[in-house]
Amino acid sequence: DGLVFTHKTVHSAGGPTRIENAKIGLIQFQLSPPKTNMEAGVVIDSFAKMDRILREEKRYMLDLCKKIKKTGCNVLLIQKSILRDAVTDLSLHYLARMKILVIKDVERGDIEFIARATGCKPIASIEGFCKEKLGTAGLVTEEKNWRRNHHQNHTSTKWDKDCQCSHSRFEQISLG
């Protein structure tokens with residue numbers, strides 16, 4: 001038995017599409033640089049200052065990704081954010097280099113179901129990201145399927161794990 005997850009894995013940065021012995025992290029925070037709470041204009045008057053800002057952003061994103069990798073996480077589910085992008089291209093690049101499979105834009109209403117089905121605990125901040133909150137699966141893989149009579153390419157992620165739950169967006173399947 002397993003779980004079919006209809007969200008696509010992120011391929012833009014060349015990340016993996018198949019993970020055996022998966023350690024699954026489910027995050028509810030953004031993998032993007034922090035934003036200020038107030039509107040402010042920033043004037044950068046030299047290329048050196050611009051380079052420094054870009055280096056700091058890269059370092060910040062790399063540190064976030066290293067903290068995730070340090071826990072042993074190799075599959076990362078990212079909750080959809082309504083305020084801004086939940087993940088940046090830079091963080092996807094770093095996660096792909098670390099061989100972490102990423103699925104983004106997980107709906108908030110699906111979090112509890114996914115947590116029960118995979119055995120992971122939702123994580124609200126990077127400080128709370130630890131290996132004790134990770135779920136597991138024997139195999140996480142992306143497969144392309146053709147829908148009958150529609151000839152559309154459909155991608156699903158299979159979780160090779162018993163799932164005793166039911167939810168409208170997911171199906172229980174036999175992986176035989």
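All values below come from the heavy atoms of this structure, side chains included, with hydrogens, waters and symmetry mates left out.
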Ignoring hydrogens and geometry, is there a side-chain-to-backbone donor-acceptor pair from Glu142 to Thr9 under 3.5 Å?
yes
ask   = Do other residues, nucleotides or ligands put more than 12 heavy atoms under 6.0 Å from Glu112 CD?
value = no
When rounded to the nearest 0.5 Å, the distance separating NZ of Lys49 from CG of Leu54 is 14.5 Å
Output for pair (Leu139 CG, Ile19 CD1), nearest 0.5 Å, gives 9.5 Å
Members sharing Phe129's hydrophobic cluster, built from side-chain contacts under 4.5 Å between Ile, Leu, Val, Met, Phe, Trp and Tyr, are Val10, Ile27, Phe29, Leu31, Tyr60, Met61, Leu62, Leu64, Ile68, Leu76, Ile78, Val87, Leu90, Leu92, Tyr94, Leu95, Met98, Ile100, Val102, Ile123, Ile126, Leu134
Rounded to the nearest 0.5 angstrom, the NZ-OG1 distance for Lys23 and Thr71 is 10.5 Å
Residues Pro122 and Ala115: closest non-hydrogen pair is CD-CB, 4.0 Å
Distance col, row Gln28:CD vs Lys80:NZ, nearest 0.5 angstrom, shows 15.0 Å
Residue set satisfying side-chain contact (heavy atoms from CB on, under 4.5 Å) with Lys70, at least two apart, ordered chain then number -> none
Exercise. Under 4.0 Å between a Lys/Arg side-chain N and an Asp/Glu carboxylate O for Glu20 and Arg18?
Worked result: yes
- Give a yes or no on whether Lys121 atom NZ has more than 12 heavy-atom contacts from other residues, nucleotides or ligands under 6.0 Å away. no
The reported gap from CZ in Arg108 to OG in Ser81 (rounded to nearest 0.5 angstrom) is 11.5 Å
Between the CZ atom in Arg59 and the NZ atom in Lys66, the distance rounded to the nearest 0.5 Å is 10.5 Å
Closest non-hydrogen contact found for Gln79 with Ala86 is O-CB, 3.5 Å
Taking every heavy atom of Asn74 against every heavy atom of Ala22, the minimum-distance pair comes out as OD1-CA, 3.3 Å
Side chain to side chain donor-acceptor pair (under 3.5 Å) between Ser125 and Glu127, intermediate numbers included: CA-CA 5 Å; Ser125 70; Glu127 292 80 22; 3.3 Å; yes
| field | Ion pair Asp51/Arg55, N-O distance below 4.0 Å | value | no
